[in-house]
Amino acid sequence: MLKLAIAVPTYNEVTNVEALMESISRVGAQHPDTAITLFVLDDSSPDGTASFVEHAAPRFERDNFAVRVVVKPTKEGLGAAYIHGFRLILNEEFDHILQMDGDLSHDPRYISGFIHQAQAGAPFVVASRYIPGGGTPDWSFRRKFLSRGGNTYARLVLSREISDYTGGFNMFSSDILHRIKPETISATGYGFILVLKYRALLAAQRVVELPIVFLDRTNGESKIPRNTLMRNFFLVPRVRAARGDV
């Protein structure tokens, strides 16, 4: 049986996390040959996200779907949340680790595609908004222009093997994640994801891209810092020069 860990960082996601658990539970029902464990990596959300998950999870758990809550005492950002979660997950015997957002902008129905690729032996799978079948239909023209331009720039400097360097919906084999040592990444926020994916690209023998339609959150507030694009612009050449060692 394939053992899949799903790592979801959360901060004030109490309005979304119930639907997230329900949706992933339905995916589990479609894949009885896959054991799924959802790790909710909560940064001590003041809205009670962690407590809500602990009380609600038993309603959605099944033979092949479990939920675990990991609470960090302080909020240190997206990269720190993933590092903390990956460290715990890699101490257990999971075959693959999937990372995704907790605000439902990453539709859980796409998890089935990741599972099929894991069963086929893919070591690194990227969900992309920028290949046929993908898209960002509810974004403004300005946001689409900046995001596509930033990813085109990253492709030109780093590698054209993947089209979406900044998206946070990705899957790594445990072996790949062990080898790229995410705990040594110093880049923060969404820069952490860019470095993580570039390291995985260097370490993996092959990469698979899956198209996704990315939708903006309907509940809660966006947590993407306004200076993300500029910070990543200067980060990209550093990543290339250091071969991901940043």
Side-chain angles (χ1 to χ4, degrees), residues 6-28 30-31 38 40 49 78 82 98-118 122 124-172 189-194 196-198 200-201 207-233 236:
I6 301 179
V8 178
T10 58
Y11 186 76
N12 287 348
E13 294 292 357
V14 73
T15 57
N16 294 309
V17 74
E18 182 175 22
L20 179 72
M21 289 189 288
E22 182 179 10
S23 297
I24 297 178
S25 180
R26 287 200 299 266
V27 173
Q30 298 167 9
H31 298 275
L38 169 63
V40 177
T49 297
L78 186 67
Y82 271 127
L98 174 68
Q99 61 171 167
M100 64 184 295
D101 292 347
D103 60 6
L104 300 176
S105 56
H106 295 152
D107 193 329
R109 69 186 174 90
Y110 292 117
I111 295 173
S112 289
F114 284 98
I115 289 174
H116 292 316
Q117 292 299 329
F124 178 33
V125 183
V126 173
S128 176
R129 299 160 288 183
Y130 302 118
I131 58 176
T136 52
D138 54 358
W139 280 12
S140 66
F141 173 80
R142 179 178 182 276
R143 188 174 176 188
K144 287 181 179 180
F145 176 79
L146 291 175
S147 179
R148 186 174 286 276
N151 275 286
T152 299
Y153 168 62
R155 290 185 69 204
L156 291 172
V157 176
L158 299 177
S159 169
R160 299 189 185 207
E161 288 187 68
I162 60 176
S163 62
D164 196 335
Y165 273 93
T166 56
F169 201 5
N170 313 287
M171 186 180 70
F172 312 86
Y190 285 83
F192 172 86
I193 292 176
L194 186 148
L196 183 74
K197 292 167 82 166
Y198 183 61
L201 190 60
V207 58
V208 176
E209 282 196 299
L210 300 176
I212 62 162
V213 174
F214 181 97
L215 300 174
D216 271 339
R217 62 163 58 237
T218 56
N219 296 311
E221 297 180 357
S222 173
K223 302 175 183 70
I224 302 176
R226 291 174 180 253
N227 64 347
T228 292
L229 182 65
M230 188 59 64
R231 289 173 61 186
N232 287 348
F233 180 86
V236 166

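Computed from heavy atoms alone, side chains included, the values below leave out hydrogens, waters and symmetry copies. The model shown is predicted, which means the values in this text are computed figures rather than measured ones.
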Original post:
Got a donor-acceptor contact below 3.5 angstrom from the Asn151 side chain to the Tyr165 backbone?
Top reply: yes

Original post:
Which atom pair, heavy atoms only, marks the closest approach of Pro211 to Tyr110?
Top reply: O-CE2, 3.8 Å

**OP:** Examine distances only and state if a side-chain atom of Asp164 and a backbone atom of Arg129 form a donor-acceptor pair shorter than 3.5 Å.
**Re:** yes

Subject >> Taking every non-hydrogen atom, the tightest pair across Lys144 and Thr136 >> reply: CE-O, 2.9 Å

Subject >> Any residue meeting ring-ring contact (aromatic ring centres under 6.0 Å, His included) with Tyr198, in chain and number order, not counting sequence neighbours >> reply: none

**OP:** Any chance you could measure His106, atom NE2, to Ile212, atom CD1, to the nearest 0.5 Å?
**Re:** 5.0 Å

Subject >> Minimum side-chain heavy-atom gap Leu194-Leu158 below 4.5 Å >> reply: yes

**OP:** Measure the shortest side-chain to side-chain distance between Val213 and Pro137 over non-hydrogen atoms and say whether it is less than 4.5 angstrom.
**Re:** yes

Original post:
Considering only heavy atoms from C-beta outward, does the side chain of Ile193 approach that of Asn170 to under 4.5 Å?
Top reply: yes

Subject >> Residue pair Ile111 / His31, side-chain heavy-atom distance below 4.5 Å >> reply: no

Original post:
Does Gly168 offer a backbone N or O that forms a donor-acceptor pair with the side chain of Tyr190 under 3.5 Å?
Top reply: no

Subject >> Between CG on residue Leu98 and CG on residue Leu38, distance to nearest 0.5 Å >> reply: 10.0 Å

**OP:** Assess whether side chain to side chain contact (heavy atoms under 4.5 Å, CB included) is satisfied between Leu20 and Glu13, documenting all intermediate values.
**Re:** CA-CA 10 Å; Leu20 179 72; Glu13 294 292 357; over 6 Å; no

**OP:** Nearest 0.5 Å please: distance from the NE2 atom of His116 over to the CG atom of Leu210.
**Re:** 10.0 Å

Original post:
Can Tyr130 and Thr152 be counted as having a side-chain donor-acceptor contact under 3.5 angstrom?
Top reply: no

**OP:** Without swapping roles, check the side chain of Ser147 against the backbone of Arg143 for a donor-acceptor pair under 3.5 Å.
**Re:** no

**OP:** Evaluate the side-chain proximity of Gln99 to Leu196: yes if any heavy-atom separation is below 4.5 Å, no if none is.
**Re:** yes

**OP:** Output the distance between atom CZ (Phe114) and atom CZ (Phe169), rounded to the nearest 0.5 Å.
**Re:** 4.5 Å

Original post:
Going by heavy atoms in the side chains, are Val207 and Val126 under 4.5 Å from each other?
Top reply: yes

**OP:** Of all the heavy-atom pairs spanning Ala19 and Leu104, show the shortest one and how long it is.
**Re:** CB-CD1, 3.9 Å

Subject >> Interatomic distance, Phe192 atom CZ to Lys197 atom NZ [nearest 0.5 angstrom] >> reply: 12.0 Å

Original post:
Taking Asp103 for the side chain and Ser105 for the main chain, is one N or O donor matched with an acceptor at less than 3.5 Å?
Top reply: yes

Original post:
Atom OG in Ser163, atom CZ in Arg155: separation rounded to 0.5 Å?
Top reply: 6.0 Å

Original post:
For Ser128 and Glu209, which heavy atoms make the closest approach, and how far apart are they?
Top reply: CB-OE2, 3.6 Å

**OP:** Search all heavy atoms of Gly189 against all heavy atoms of Leu78 and return the closest pair with its distance.
**Re:** O-CD2, 3.9 Å

Original post:
Between Gln30 and Ser112, which heavy-atom pair has the shortest distance, and what is it?
Top reply: OE1-OG, 3.6 Å

